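Structure record follows, encoded as C-alpha cells.
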Amino acid sequence: MTIFPGGRAGRSTDRPALSRCVAADPEHFASVHWGRSPLLSPAADLPKGFDDLLTLAGVDELLSRRGLRAPFLRVAKNGAVVGSSQFTRGGGVGAEIADQVADDQVTRLFADGHTLVLQGLHRLWPPLIDFAGQLGVDLGHPVQVNAYITPASSRGFAAHYDVHDVFVLQLDGTKRWHIHEPVHRDPLRDQPWDRRADAVAARAEQPPLIDTVLSPGDALYLPRGYLHSATALGGVSAHLTVGVHVLTRYALAEALLALAADDVNLRSTLPLGIDAADPAHLAPHLAETVAALADVLAKADPADVARAVRGRVWQGNRPAPIGPLAQVAAAESVAEGLRVRLRPGLRHRIETEGDRVRLDLPGDQLSLPISTAPALAVLLGGGPCVVGEIPGLPVADQLVLVRRLLREGMLVMVAGHHG
C-alpha cells in the first residue's frame with residue numbers, strides 16, 4: 001500500500017499557487033510551456049495581485065527589524081555584486097555576530113542606484129513560506145523565493161540565464177524585461193551562464209524574443225536557460241523571483257549510476273600498467289564496462305531509483321511550519337471529537353512490510369503496527385479527520401496514534417471540534 005501527499009496532477013483547483021502565477025489552465029501550462037517556452041501573464045488574466053505576499057513596507061521591515069544576516073541580502077549595480085562588508089556590521093550587545101544587515105548602509109547604497117536582493121524569503125517571510133510551500137506541492141519540484149528591489153531607472157544585473165526555472169511576479173512599480181533565446185538549452189546546476197559569457201553577451205545584442213514591461217500583478221514564466229535582463233522604469237520597482245529547482249532526467253541518470261556501484265563487474269580494477277590516456281588500451285575495457293552498465297540499467301527497479309532521487313524533492317522544501325508548543329499542547333489534549341489533518345506540504349510514503357507499517361519521511365522513518373494501516377491511510381490522505389471516527393482502530397488506539405503523529409509533526413490540529 002502506498003499513499004502520496006498533495007501535489008499530484010489534477011484540476012486547476014488542485015494547484016492554487018500555480019494558478020496565481022500563470023494565466024492558463026495548469027494542464028495547458030504543463031503540456032505547452034513547462035520547461036519549454038516563456039509565458040507572459042497579465043494581471044487582468046490572473047486571479048489577484050501579489051501584494052499579499054510582499055510589499056515595499058514589508059521590505060523595509062525585513063531590512064530594518066528582522067535582524068537579517070548577509071547571506072539573506074545581496075546588493076548589486078550594473079552586474080557587479082557589492083561585498084557584504086559594505087552593508088553589514090556587528091549585531092551589538094547580546095548578538096555577537098559580525099554580518100548583520102545595517103539599514104543605514106543599505107539606505108546609502110540604494111540611494112546610489114544599487115539593487116537589493118532579499119534571498120531565501122521562503123524561509124523568512126510568513127506569506128511567502130505558505131505560498132512557496134504550496135507551489136512546491138503544486139509543481140512537484142522544490143522552490144525558493146527571492147525579492148529584487150531596483151531604484152528608479154536602474155539595472156541590477158546584466159543579461160544572464162538561470163539554471164532553474166523562474167516565475168517573475170511584479171510587486172510594485174514597473175520594469176522592462178528583455179528575454180532572449182537560450183545559448184545553452186536546459187542548463188544543469190553546474191553549467192552557469194558565466195561559463196558561456198561571450199555567447200550570452202553576443203545573444204543579448206540580438207533582437208529579443210520578448211520585450212515587455214511588467215506592471216504590478218503581472219507574471220512571467222521563464223524556463224531555465226532563457227536569457228533575461230530587467231531595468232526599472234520611473235520609480236522604485238520590486239518583483240519576486242520564484243526559482244524552481246527542477247528534477248531532471250540527468251538526476252535519474254545519476255541515480256542509476258549510483259545503483260551501478262552495487263555491481264561487482266563495474267567495481268573491478270583495470271589491469272596493471274594500463275595507459276588510460278591511450279584510447280586503444282582503454283577501448284576493450286570501455287566496451288566491457290558499457291556492456292556491464294547496460295545490464296545493470298536494464299534490470300533497474302523504479303522503486304530503487306525513486307528512493308535515490310526523492311530526497312532532492314522531499315528535502316528541497318519544508319512542510320508548513322508548526323508551533324512546537326502548540327503541537328505538544330495538542331498532543332496532550334487529544335480526545336474524541338478533535339479534528340486533525342495531514343501537515344500541509346509534508347512528503348511521505350507508506351509501505352507495509354510483514355506485520356509492520358513503515359512511514360518514510362524527509363530524513364526520518366517510523367515503524368508502526370500493521371493494525372494501524374487503515375487509520376494511517378485516512379489520517380495521511382490529506383482531508384480532515386475526527387478522532388473517534390477514524391476507521392480500523394478502537395477509540396483508545398486512535399487516541400494513541402493521533403497523539404504520536406502530532407508529536408512527530410505529521411498531523412496538525414484543525415480549528416473547531418466535530419459536531
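All values derive from a computational prediction rather than experimental measurement. Heavy-atom basis, side chains included; hydrogens, waters and symmetry copies ignored. Each residue takes its place number in the sequence, starting with 1.
Partners of Y148 under the ring-ring contact (aromatic ring centres under 6.0 Å, His included) rule, at least two apart in sequence or in another chain, are H239. Annotation: salt bridge (charged side-chain N to carboxylate O under 4.0 Å, His left out) contacts of R189 (sequence neighbours excluded): none.
Contact of the R66 side chain with the W125 side chain is registered, since non-hydrogen atoms from C-beta on lie closer than 4.5 Å. Residues L338 and V340 are in side-chain contact: their nearest non-hydrogen atoms beyond the backbone lie under 4.5 Å apart. For the pair V313 and V309, the minimum side-chain heavy-atom distance is 4.5 Å or more. Looking only at side-chain heavy atoms (C-beta outward), R349 and E351 come within less than 4.5 Å of each other. Considering only heavy atoms from C-beta on, L361 comes within 4.5 Å of M410 through its side chain. Counting heavy atoms from C-beta on, the side chains of Y226 and L209 come closer than 4.5 Å. When side chains are defined from C-beta on, D190 does not count as touching V163, because their heavy atoms never get closer than 4.5 Å. For the pair L256 and V305, the minimum side-chain heavy-atom distance is below 4.5 Å.
Residue pairs meeting the salt bridge (Lys or Arg N to Asp or Glu O under 4.0 Å) criterion with at least one partner in residues 193-207, sequence neighbours excluded, do not occur; the list is empty.
Here D112 pairs with K77 in a salt bridge; the nearest charged N to carboxylate O distance falls below 4.0 Å. Using a 4.0 Å cut-off between charged side-chain N and carboxylate O, D162 and R224 make no salt bridge. Under the 4.0 Å criterion applied to side-chain N and carboxylate O atoms, R36 and D165 are not assigned as salt-bridge partners. With respect to the salt-bridge test (charged N to carboxylate O, under 4.0 angstrom), the residues E408 and R343 do not qualify. Note on R339 versus E389: no salt bridge recorded, every NZ/NE/NH1/NH2 to OD/OE distance being 4.0 Å or above. A salt bridge is absent between R347 and D360; no separation between the charged side-chain nitrogens and carboxylate oxygens falls under 4.0 Å.
Formation of a donor-acceptor pair under 3.5 Å by the D138 side chain with backbone atoms of L18 is found in this model. Put simply, the side chain of T88 never gets that close to the backbone of D99: no donor and acceptor are under 3.5 Å apart. Looking at Q119, its side chain does come within 3.5 Å of a backbone N or O of P71 through a donor-acceptor pair. With hydrogens and angles ignored, the 3.5 Å screen pairs a side-chain donor or acceptor of Q327 with a backbone N or O of L411. Of the possible polar contacts, none joining the N265 side chain to the A292 backbone as a donor-acceptor pair under 3.5 Å is found. Checking side-chain atoms of R20 against main-chain N and O of G49 turns up a donor-acceptor pair under 3.5 Å. The backbone N or O of E27 lies less than 3.5 Å from a partner atom in the side chain of S31, making a donor-acceptor pair. Between the side chain of Y221 and the main chain of V22, no donor-acceptor pair closer than 3.5 Å is present. Under a 3.5 Å cut-off, the side chain of T372 and the backbone N or O of A375 do not form any donor-acceptor pair. The backbone N or O of H33 lies less than 3.5 Å from no partner atom in the side chain of S37, so there is not a single donor-acceptor pair.
One distance of note links CD1 of I149 with CG of L54; it measures 7.0 Å at 0.5 Å rounding. Here the CG atom belonging to L222 is positioned 10.0 Å from the CG atom belonging to L39, to the nearest 0.5 angstrom. Here the straight-line distance linking atom NE2 of H285 with atom OG1 of T269 works out to 12.0 Å at 0.5 Å rounding. Rounding to the nearest 0.5 Å gives a distance of 8.5 Å between CZ of F157 and OG1 of T150. Here the straight-line distance linking atom OG of S237 with atom CD of Q170 works out to 4.0 Å at 0.5 Å rounding. A distance of 9.0 Å separates CG in L270 from CD in E288, rounded to the nearest 0.5 Å.
For the side-chain contact (heavy atoms from CB on, under 4.5 Å) with L73, the qualifying choice from L62, L63, V117 is L63, the only one to do so. The only option from T212, T231, D211 that meets the side-chain hydrogen bond (donor to acceptor under 3.5 Å, both in side chains) definition with R176 turns out to be D211.
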Task: Criterion side chain to side chain contact (heavy atoms under 4.5 Å, CB included) on D172 and D51, from CA distance to verdict - done: CA-CA 8 Å; D172 207 292; D51 53 359; over 6 Å; no
TODO: Take L135 and V242 through the test side chain to side chain contact (heavy atoms under 4.5 Å, CB included) and record every step on the way to the result.
DONE: CA-CA 9 Å; L135 186 59; V242 182; 3.6 Å; yes
Open item on the list: Using side chain to side chain contact (heavy atoms under 4.5 Å, CB included), reason through V75 and T115 one step at a time and then give a plain yes or no.
Closed with: CA-CA 6 Å; V75 178; T115 288; over 6 Å; no
Open item on the list: Pair L68, L118 - check side chain to side chain contact (heavy atoms under 4.5 Å, CB included), show working.
Closed with: CA-CA 9 Å; L68 290 192; L118 288 163; 3.6 Å; yes
- [ ] Could you check R356 against S367 for side-chain hydrogen bond (donor to acceptor under 3.5 Å, both in side chains), going step by step and ending with a plain yes or no?
- [x] CA-CA 6 Å; R356 305 293 293 178; S367 179; 3.0 Å; yes
TODO: Show the numbers, then the answer: is there a side-chain hydrogen bond (donor to acceptor under 3.5 Å, both in side chains) between Q100 and R89?
DONE: CA-CA 6 Å; Q100 196 166 69; R89 65 164 63 95; over 6 Å; no
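Between W34 and H141, the ring centre distance stays below 6.0 Å. Taking the six-membered ring wherever Trp is involved, the centroid distance between the rings of H160 and H228 falls below 6.0 Å.
For the pair L46 and S19, the tightest heavy-atom approach, listed with the atom from each and the gap, is CD2-O, 4.2 Å. Shown here for H180 and Q206, the closest heavy-atom pair between the two residues is NE2-O, 2.8 Å. Contact between R404 and L366 at its shortest, heavy atoms only, is NH2-CD2, 3.5 Å. Among all heavy-atom pairs drawn from V357 and A373, the shortest one is CG2-CB, 3.8 Å. Between W314 and P362 the shortest heavy-atom distance is CE3-N, 3.7 Å. Closest approach of R15 to P26, counting heavy atoms only: CD-CB, 4.0 Å.
Atom CZ of R267 has more than 12 neighbouring heavy atoms from other residues, nucleotides or ligands inside a 6.0 Å radius.
Ring-plane geometry between F29 and F167 is classed as tilted, the angle between the planes lying from 30 to 60 degrees on a 0 to 90 degree scale.
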